[in-house]
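All ligand and atom numbering here is 1-based and tracks the order in the structure. Everything quoted here is computed from the prediction, not taken from an experiment. Note that the numbering runs from 1 along the sequence shown for the chain.
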Amino acid sequence: MDNNITVPKKTIFSGVQPSGNLTIGNYLGAIKNWTTLQNEYNCIYCVVDMHAITVRQVPADLRRRTYETLAIYIAAGLDPEKNTLFVQSHVPQHAVLAWDLGCFTMFGELSRMTQFKDKSRSNADNINSGLFTYPVLMAADILLYKTDLVPVGSDQKQHLELARDIAIRFNSIFSDTFTIPEGYIPKTGMRIMSLADPTKKMSKSDANPNASIGILDSKDDIIRKFKRAVTDSDTTIRYADGKDGINNLMNIYSCFTGKTYGEIEKEFDGRGYGDFKLAVGETVADSLSPLKTKFDTLMKDKAYLEDIMKNGAFSASRIAERTVSKVHKKLGFVVKS
Ligand code: ATP
Ligand code: LTN
């Protein structure tokens with residue numbers, strides 16, 4: 001038997017917008033899971049700054065957060081030697097392919113996107129066309145790299161479905177061009193909810209600073225925010241329908257400790273919400289502390305971060321250029337001589 005046959009690694013692509021202070025929702029729903037994939041897969045992780053400008057950004061903040069997001073990727077455990085880490089706007093093929101794919105995406109499909117509806121409500125004075133075509137740019141991100149798997153939180157399922165539909169449509173018109181991507185959605189930490197309104201997802205662009213826990217928040221802030229988390233008028237710590245606030249805290253505690261809901265219920269049997277909230281706050285703060293220390297060191301070395309961005313963009317461009325020229329040939333564009 002030939003043992004030397006090597007199966008090519010599957011490709012993973014994902015990204016986070018540098019649109020605010022990253023939350024434990026981004027960490028548990030996305031970045032933490034990415035670190036477990038880096039040995040088995042060919043992983044490409046992007047800081048999606050072009051997506052971030054669909055909502056008005058302060059330029060200096062956007063720039064700082066782009067460095068910070070990359071530093072968080074590395075501080076959370078993504079090894080720049082094993083993963084391609086880059087900034088979306090450094091690879092212009094993302095915008096080019098987004099235009100092409102936009103001509104194969106229907107107005108009706110985009111109108112059905114719940115993120116567009118939610119963001120139109122929260123940004124009623126700036127419902128720009130980028131907000132509307134956001135999922136097309138996301139489809140371009142994914143399809144440029146022959147991506148097999150896309151690890152995202154469950155809130156992105158609908159966008160991923162659309163990316164698949166666009167790819168299937170293009171392939172059926174022009175013969176096989178794109179790999180059809182699959183979602184890779186984690187079981188635990190799928191959806192971390194807001195501390196202020198546990199029926200809404202925790203989001204880094206929430207206007208209420210008490211609604212979310214930032215990965216880089218101080219221990220005091222983390223404990224204070226958990227103490228204020230909205231719960232219910234019951235007194236027992238148990239996972240049950242209608243106890244959205246407690247269920248969310250139990251989910252967060254479970255993600256950081258590995259304990260099951262049953263174990264958590266036993267641990268806090270006979271104890272009040274105050275005790276439980278304090279335990280969650282301390283556990284989260286202590287678990288994030290090593291990441292924060294590493295982050296602080298990385299942020300002092302901008303040249304190092306820029307080097308990673310540059311190398312990442314170089315590797316990503318080589319693949320992205322190939323995909324775009326293949327697509328342009330199929331579309332009938334004259335090849336530039
Ligand atoms: P914004 O508030 O700016 O729209 P966001 O906080 O929702 O952003 P994104 O940058 O859109 O975050 O998402 C990055 C990744 O984090 C995605 O994979 C998304 O599914 C995941 N994610 C975001 N919020 C949560 C959450 N509350 N629970 C689980 N996963 C989440
Ligand atoms: N829309 C995503 C961020 C994102 C993304 C991607 C995720 C942009 N492009 C490509 C996975 C693959 C979000 O999480 N809000």
Side-chain angles (χ1 to χ4, degrees), residues 11-34 43-57 61-62 65-66 68-69 72-73 76 86-89 91 94-95 97-98 101 113-116 118-123 130-131 133-145 147-164 166 181-208 211-215 248 251-252 255 316:
T11 298
I12 290 221
F13 184 99
S14 198
V16 174
Q17 303 178 72
S19 52
N21 296 324
L22 267 64
T23 71
I24 56 168
N26 301 127
Y27 179 67
L28 298 174
I31 302 168
K32 184 168 173 253
N33 304 305
W34 300 354
C43 298
I44 308 175
Y45 297 116
C46 187
V47 180
V48 290
D49 54 348
M50 288 157 66
H51 277 105
I53 63 163
T54 56
V55 170
R56 200 68 73 225
Q57 303 289 334
D61 290 350
L62 179 64
R65 285 180 179 138
T66 301
E68 286 178 356
T69 306
I72 288 177
Y73 285 2
F86 75 107
V87 176
Q88 190 183 29
S89 64
V91 181
H94 288 251
L97 186 64
L101 297 180
M113 296 292 121
T114 48
Q115 182 176 294
F116 172 68
D118 290 348
K119 294 224 164 169
S120 303
R121 237 173 277 128
S122 50
N123 299 279
L131 199 60
T133 57
Y134 178 114
V136 182
L137 179 58
M138 179 163 161
D141 296 344
I142 297 167
L143 300 180
L144 272 175
Y145 301 99
T147 303
D148 298 291
L149 294 171
V150 185
V152 281
S154 59
D155 61 304
Q156 294 300 309
K157 253 191 195 161
Q158 202 186 21
H159 288 165
L160 197 63
E161 258 323 296
L162 182 62
R164 286 169 56 88
I166 298 170
E182 303 269 352
Y184 192 91
I185 296 170
K187 277 181 219 76
T188 53
M190 268 178 53
R191 205 166 150 80
I192 304 299
M193 309 309 281
S194 154
L195 298 188
D197 175 358
T199 61
K200 264 178 42 189
K201 81 158 191 164
M202 184 180 287
S203 155
K204 65 174 122 62
S205 52
D206 197 311
N208 176 359
S212 56
I213 302 289
I215 298 179
N248 188 36
N251 183 26
I252 295 171
C255 288

Side chains of D141 and H51, heavy atoms from C-beta outward: is any pair under 4.5 Å?
yes
So do K200 and D206 actually touch side chain to side chain, heavy atoms under 4.5 Å?
yes
List, one per line, each side-chain donor-acceptor pair under 3.5 Å for residues 16-23, sequence neighbours excluded.
| unit_1 | atom_1 | unit_2 | atom_2 | d |
| --- | --- | --- | --- | --- |
| Q17 | NE2 | Y134 | OH | 3.1 |
| S19 | OG | K204 | NZ | 3.0 |
| T23 | OG1 | G25 | N | 2.9 |
| T23 | OG1 | N26 | N | 3.2 |
| T23 | OG1 | N26 | OD1 | 3.4 |

What are the two closest non-hydrogen atoms of [X] and [Y], and how far apart are they?
X: V150; Y: T147; value: CG2-CG2, 3.8 Å
X: S120; Y: L131; value: N-CD2, 4.3 Å
X: S89; Y: D49; value: OG-OD2, 2.6 Å
X: A316; Y: V91; value: CB-CG2, 4.1 Å
X: I31; Y: A76; value: CG2-CB, 3.6 Å

Pairs in or reaching into residues 148-160: which pass salt bridge (Lys or Arg N to Asp or Glu O under 4.0 Å), with residues at least two apart or in two chains?
D155-K201
Can you list the atoms of ligand 1 that are under 4.0 Å from a heavy atom of [X]?
X: K119; answer: 1 (P), 3 (O), 4 (O)
X: S19; answer: 3 (O)
X: V152; answer: 18 (O), 20 (O)
X: A30; answer: 15 (C), 16 (O), 18 (O)
X: G29; answer: 29 (C), 30 (N)
X: R191; answer: 28 (N), 29 (C)
X: S205; answer: 1 (P), 2 (O), 3 (O), 4 (O)
X: S203; answer: 1 (P), 2 (O), 6 (O)

Does M193 reach ligand 1, in the sense of a heavy atom lying below 4.0 Å from it?
no
Please confirm whether [X] comes within less than 3.5 Å of ligand 1 when only nitrogen or oxygen atoms on both sides are compared.
X: K204; result: yes
X: M202; result: yes
X: D155; result: yes
X: K201; result: yes
X: T23; result: no
X: S14; result: no
X: Q156; result: no
X: I192; result: yes
X: G25; result: yes
X: G153; result: yes

Side-chain ([X]) to main-chain ([Y]) donor-acceptor, under 3.5 angstrom:
X: Y73; Y: C46; value: yes
X: R191; Y: G153; value: no
X: N248; Y: P198; value: no
X: S14; Y: P151; value: yes

Kindly determine whether Y145 and H94 satisfy ring-ring contact (aromatic ring centres under 6.0 Å, His included), including the steps that lead there.
CA-CA 10 Å; Y145 301 99; H94 288 251; 5.6 Å; yes
Just heavy atoms, cut-off under 4.0 Å: does H51 contact ligand 1 by side chain, backbone, both, or neither?
neither
How many angstroms lie between OG1 in T66 and CD in Q88, if you round to the nearest 0.5 Å?
10.0 Å
Please list, chain by chain and in numerical order, all residues satisfying side chain to side chain contact (heavy atoms under 4.5 Å, CB included) with L162, sequence neighbours excluded.
T105, E109, L110, M113, P135, I166
What are the atom names and distances for all N or O pairs under 3.5 Å between ligand 2 and the protein?
| unit_1 | atom_1 | unit_2 | atom_2 | d |
| --- | --- | --- | --- | --- |
| ligand 2 | 1 (N) | Y134 | OH | 2.6 |
| ligand 2 | 1 (N) | Q156 | OE1 | 3.0 |
| ligand 2 | 9 (N) | D141 | OD2 | 2.6 |
| ligand 2 | 15 (N) | Y134 | OH | 3.2 |
| ligand 2 | 15 (N) | Q156 | NE2 | 3.0 |

